[in-house]
Structure formats: C-alpha cells, structure tokens
Asker: 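Handing you a structure now.
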Amino acid sequence: LTAILFIGCVAAGAIQPYSWTPSKEYRYKYSSQVLTGIPELNNQYSGVRLSTEVRIQPQHDSTCTLKLESPKMISYNDERMELDQDWTPEQKHGQEEEIPSSIKTWLESPFTVFHKMGKVEKIHTENGEPEFVVNIKKALVSQLQQDLSKALESHSSSRKTNQVRSGDEQTPIPSFKTEETSILGECETVYSISKLPEHLAEEFEEEEKQRRSRDWERRSQGEEIEKLCEGKEYYEILKSKNLDNCSERPVFHKTFGIHPKSDGSRSSPQPSQSSLTRTIICGSLENHFIRKSSTEN
C-alpha cells in the first residue's frame, strides 16, 4: 500500500502552531494505491488508485475541517508497466472507473480533525458514513499527523552538525520513539529528523518540477508552489511504525493449511510488517509547510 500527499496551494503567512494557521486554507493532492505483482518475473501489475484534491481549513479551537474534492478511481492491469520512484504507474497504463454517486457523496462530505501540537486526537465524520470511506479519511489524516513535540527537547547526545532552528536558537535534532495511533493501530513509532543540505533541497524541487510537468492538473500551480519554500530550510522527517509492536491493532491474521518449520533463525511464521513515512517540510518544526509526504506499507 502506498499513500502520497503532494502540496498544492497554501496561503502565505505565519504558521502557528505546527503548520496549521486559522483563517488560512491549505490545498493538497492526495493519492493512495494498492498494487500487486511479482517484480522478479516481469513488470505486470494490477491494482487500484484513488486520487483526490484535499482542502484543509484550520479553526481557532485546534480543529481542522477537511474536504475531499473531485475523487477519481483508476484501475491497473497491464504488462510492462512503467513506475516512477513513488511506485506511481504512468498515466497510459490506467483506466478510470466510475465512482457510484452515493459513494462519491460520502467521500466528498466534510469531516473534522481534532489535533494537539501535530498529534491527531480524534476525527468526526457524518452519521451513517460507510466504514471503508471513514478508513480512507483516516488514512489521509495519518499522512498529516506529525507529533514533533519531543523534537524540540534538548538532547545533549545529538550531533551539533544536525540542528534545527527553534525560534532564534539552535537545538540538536533528535531521534525519538513514541506510541502513535493511526489507521494501522496504536503502534511503536520512531521519528528521525534530518536537515537537508542545500543541494539535496534543490534536487528535490527539481524532481517535483519534473513531476508537475507530467501532471496537467498540477502544472498551473508551479509558480505558486515554488514560492512557498523560497529562502527556507528543508527537513526530512522519517516516521517508522513497527506493526509487530502495537498495543492495539485492527488486523486479524490466521493461516490455514500451512505448517511452518523453523530454519534455525528467529524469524516468525507471522508476516513481519512495517510502515515508513517520508515527509519533506520547509521552514522550522514550529513554523513550516508540509511540502510532500509519502508512505509505504
């Protein structure tokens, strides 16, 4: 499962606290897909991809109103499929499927997110909303969740060469472990934050510029997007979830007809799973734009 969040158009201004400013509107392009195949044999994959625009309107009571717009469903089943570095198939491989009007209405219904210092506490959806639609919205919210409160604490053991700006002072960037709740359950989550050198930041923007040139829906937003991070520092936030270490997890796994045998290693007969989210921000930890966020499970 791959989920990708691209920044669209964000109103300029101060971003306090933790990237969400009341009275401003944030727009993103969000996509989530499932692809299956055997890369060792050939480049034939099959799967489905949901793509939609997202509007986020922060409120003064630490809530955000989110709305999905113009959702599209693309199905894939093709040989010699070309994928980019985000595992996104080329447009020529997909076929757009019609979304039933009833489901589209539920997808486009607004919902509310309650957050505190970047951590999502709960969400409110419409009564009677189908569970699978609620899960789609939870998956989107998981992409936006960045609990960076511990990142501002001073860690004397951290290297001074890897620093993040907090106000007018410099404090070391830590790696820290926490329990975080998402659609995958309440699981052990490790955050690692790195400041991107200038050449890597430029390389990132060039890759995104090339991506926009291939996406006509985002091509018109190019100039506005480039101005968002002009003169700002870039940071990479890696968030790794250990799905084998969850206090609560809404997944049940049972195998029939298979009798596992130990090969002498400490491997488990249960599938080992993890989730890795890579987020690029520009600015500081307290005052930043989420430039791009992608997750692979």
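None of the values given here were measured: they were computed from a predicted structure. Sequential numbering from 1 along the given sequence is applied to the chain's residues.
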Asker: According to the interplanar angle, ranging from 0 to 90°, do the rings of F114 and H124 count as parallel (below 30°), tilted (30 to 60°) or perpendicular (above 60°)?
Answerer: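 Rings of F114 and H124: perpendicular, as their planes differ by over 60°.
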Asker: Are the charged groups of E69 and R55 less than 4.0 angstrom apart, N to O?
Answerer: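 Here E69 pairs with R55 in a salt bridge, since their nearest N and O are under 4.0 Å apart.
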Asker: Search all heavy atoms of Q59 against all heavy atoms of P22 and return the closest pair with its distance.
Answerer: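 Residues Q59 and P22, closest heavy atoms: O-CG, 3.5 Å.
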Asker: Step by step, would you call L66 with V113 a side-chain contact (heavy atoms from CB on, under 4.5 Å)?
Answerer: CA-CA 7 Å; L66 280 71; V113 176; 3.8 Å; yes
Asker: Hey, is K292 close enough to E208 for a salt bridge, meaning N to O under 4.0 Å?
Answerer: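 So K292 pairs with E208 through a salt bridge.
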Asker: Could you tell me whether K239 and E180 have a side-chain N and a carboxylate O separated by less than 4.0 Å?
Answerer: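 Salt bridge between K239 and E180, a charged N being under 4.0 Å from a carboxylate O: yes.
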Asker: Mark yes or no for whether E108, through its side chain, and S70, through its backbone, hold a donor-acceptor pair below 3.5 Å.
Answerer: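 Indeed, once roles are kept as given, a pair shorter than 3.5 Å links the two residues.
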Asker: So how far is it from F204 CZ to I280 CD1, rounded to the nearest 0.5 Å?
Answerer: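 If I round to the nearest 0.5 Å, the distance is 5.5 Å.
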Asker: Below 4.5 Å, heavy atoms only, C-beta onward: do F111 and E126 meet side chain to side chain?
Answerer: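 F111 vs E126: side chains apart.
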Asker: Any side-chain heavy atom of I237 sitting closer than 4.5 Å to one from Y191?
Answerer: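 SC-SC contact between I237 and Y191 confirmed.
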Asker: Would the distance check show the side chain of H288 and the main-chain N or O of S284 forming a donor-acceptor pair, the cut-off being under 3.5 Å?
Answerer: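 Flag set: sc H288 to bb S284 pair under 3.5 Å.
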Asker: In terms of hydrophobic clustering (I, L, V, M, F, W, Y; side-chain heavy atoms under 4.5 Å; direct or indirect links), are F132 and V48 co-clustered?
Answerer: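 Same hydrophobic cluster.
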Asker: Could you tell me whether a side-chain N or O of Q33 sits under 3.5 Å from a main-chain N or O of S31, the two making a donor and an acceptor?
Answerer: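 Not at all, since once roles are kept as given, no pair shorter than 3.5 Å links the two residues.
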Asker: With distance as the sole test, does Q145 use its side chain to make a donor-acceptor pair with the main-chain N or O of T181 at under 3.5 Å?
Answerer: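 Yes.
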Asker: Is it the case that one hydrophobic cluster holds both L276 and V190, taking links as side-chain heavy atoms less than 4.5 Å apart, direct or via other members?
Answerer: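 No, separate clusters.
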Asker: Check whether any side-chain N or O of Q44 sits under 3.5 Å from a backbone N or O of R80 as a donor-acceptor pair, and report yes or no.
Answerer: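 Between the backbone of R80 and the side chain of Q44 there is no qualifying donor-acceptor contact (under 3.5 Å).
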Asker: Would you kindly confirm whether V133 and I99 end up in one hydrophobic cluster when ILVMFWY residues are joined by side chain heavy atoms under 4.5 Å apart?
Answerer: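 Hydrophobic grouping puts V133 with I99.
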Asker: One thing to verify: whether K241 and E188 come together as a salt bridge, which I'm taking to mean a side-chain N less than 4.0 angstrom from a carboxylate O.
Answerer: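 No, E188 and K241 are not salt-bridged.
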Asker: Is any side-chain heavy atom of S32 closer than 4.5 Å to a side-chain heavy atom of R49?
Answerer: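 A side-chain contact is absent here, since even the closest heavy-atom pair is not under 4.5 Å.
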Asker: Side chains of V141 and K137, heavy atoms from C-beta outward: is any pair under 4.5 Å?
Answerer: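 No. Closest side-chain heavy atoms not under 4.5 Å.
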Asker: Do the side chains of I74 and L35 join up, straight or via other hydrophobic residues, at under 4.5 Å, putting them in one cluster?
Answerer: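 Linked within one cluster.
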Asker: How many angstroms lie between atom CD of E203 and atom CG of L196, to the nearest 0.5 angstrom?
Answerer: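 E203 CD to L196 CG: 10.0 Å, rounded to 0.5 Å.
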Asker: Is Y26 reaching over with its side chain to a backbone N or O of T21, donor-acceptor style, under 3.5 angstrom?
Answerer: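 Such a contact is found between Y26 side chain and T21 backbone.
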Asker: Give the C-alpha distance, both sets of side-chain angles, the deciding distance and a yes or no for side-chain contact (heavy atoms from CB on, under 4.5 Å) between K232 and F289.
Answerer: CA-CA 10 Å; K232 295 182 173 64; F289 293 108; 3.9 Å; yes
Asker: Is any side-chain heavy atom of S51 less than 4.5 Å from a side-chain heavy atom of K29?
Answerer: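 Answer yes - side chains close enough.
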Asker: Run L140 and L68 through side-chain contact (heavy atoms from CB on, under 4.5 Å) and show every step you take.
Answerer: CA-CA 10 Å; L140 165 62; L68 309 186; 3.5 Å; yes
Asker: Please give me the minimum heavy-atom distance between C64 and P58, naming the atom from each residue.
Answerer: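 Scanning both residues completely, I find the closest heavy atoms to be SG-CA, 3.8 Å.
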Asker: Could you please spell out the steps behind the side chain to side chain donor-acceptor pair (under 3.5 Å) verdict for E296 and S275?
Answerer: CA-CA 6 Å; E296 291 186 7; S275 170; over 6 Å; no
Asker: Could you tell me whether the side chain of E97 and the main chain of M73 form a donor-acceptor pair under 3.5 Å?
Answerer: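 No.
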Asker: What is the minimum heavy-atom distance between I290 and I281, and which atoms define it?
Answerer: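 Heavy atoms of I290 and I281 come nearest at CA-CG2, 4.1 Å.
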Asker: Ion pair present between R27 and E25, side-chain N to carboxylate O less than 4.0 angstrom?
Answerer: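 A salt bridge is present here (some side-chain N lies under 4.0 Å from a carboxylate O).
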Asker: Considering only NZ, NE, NH1 and NH2 on the basic side and carboxylate oxygens on the acidic side, decide whether K92 and E82 come within less than 4.0 Å.
Answerer: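 Salt bridge between K92 and E82, a charged N being under 4.0 Å from a carboxylate O: yes.
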Asker: Is any side-chain N of the basic residue among E236 and K195 closer than 4.0 Å to the acidic one's carboxylate O?
Answerer: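 Between K195 and E236 there is no salt bridge, as every charged N stays at least 4.0 Å from the carboxylate O atoms.
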Asker: Does the side chain of I123 reach to within under 4.5 Å of the side chain of T112, using non-hydrogen atoms?
Answerer: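 The answer is no, as the side chains (C-beta and beyond) never meet within the 4.5 Å cut-off.
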Asker: Evaluate the side-chain contact (heavy atoms from CB on, under 4.5 Å) criterion for residues L144 and I56: first the C-alpha distance (whole Å), next the side-chain angles of each, then the deciding distance (0.1 Å), finally the verdict.
Answerer: CA-CA 11 Å; L144 299 170; I56 304 175; 3.7 Å; yes
Asker: Could you check if a side-chain atom of Y28 sits within less than 4.5 angstrom of a side-chain atom of E53, using non-hydrogen atoms only?
Answerer: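 No; the side chains remain at least 4.5 Å from each other.
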Asker: Between T277 and S293, is any pair of side-chain heavy atoms under 4.5 Å apart?
Answerer: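 Of all side-chain heavy-atom pairs linking S293 with T277, at least one is under 4.5 Å.
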Asker: Roughly how far, to the nearest 0.5 Å, is the CG atom of L238 from the OG atom of S194?
Answerer: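 Result: 6.5 Å between the selected atoms.
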Asker: Find the distance between OG1 (T189) and CG (N242) and round it off to the nearest 0.5 Å.
Answerer: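 Reported to 0.5 Å precision, the distance equals 9.0 Å.
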Asker: Measuring from atom CD of E230 to atom CD of E205, what distance do you get when rounded to the nearest 0.5 angstrom?
Answerer: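 It is 10.5 Å, given to the nearest 0.5 Å.
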Asker: What are the two closest non-hydrogen atoms of N77 and S46, and how far apart are they?
Answerer: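 The answer is OD1-CB, 4.0 Å.
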Asker: Taking all non-hydrogen atoms of both residues into account, name the closest pair between P89 and Y76 and its distance.
Answerer: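 P89 and Y76 have their closest heavy atoms at CB-CE2, 3.6 Å.
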Asker: Donor-acceptor check, side chain of S142 to backbone of K138, threshold 3.5 angstrom: yes or no?
Answerer: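 Present.
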Asker: State, to 0.1 Å, how close C229 and R291 come at their nearest heavy-atom pair, and which atoms those are.
Answerer: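 It is SG-CD, 3.8 Å.
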Asker: Does a sphere of radius 6.0 Å around CD1 in I38 hold more than 12 heavy atoms from other residues, nucleotides or ligands, not counting ones at 6.0 Å or beyond?
Answerer: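 Not more than 12 within 6.0 Å, no.
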Asker: Are there over 12 heavy-atom neighbours, none belonging to E206, within less than 6.0 Å of that residue's CD?
Answerer: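 Atom CD in E206 is crowded, with more than 12 foreign heavy atoms closer than 6.0 Å.
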Asker: What distance do E121 atom CD and T63 atom OG1 have between them, rounded to the nearest 0.5 Å?
Answerer: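 Output value for this atom pair is 11.0 Å.
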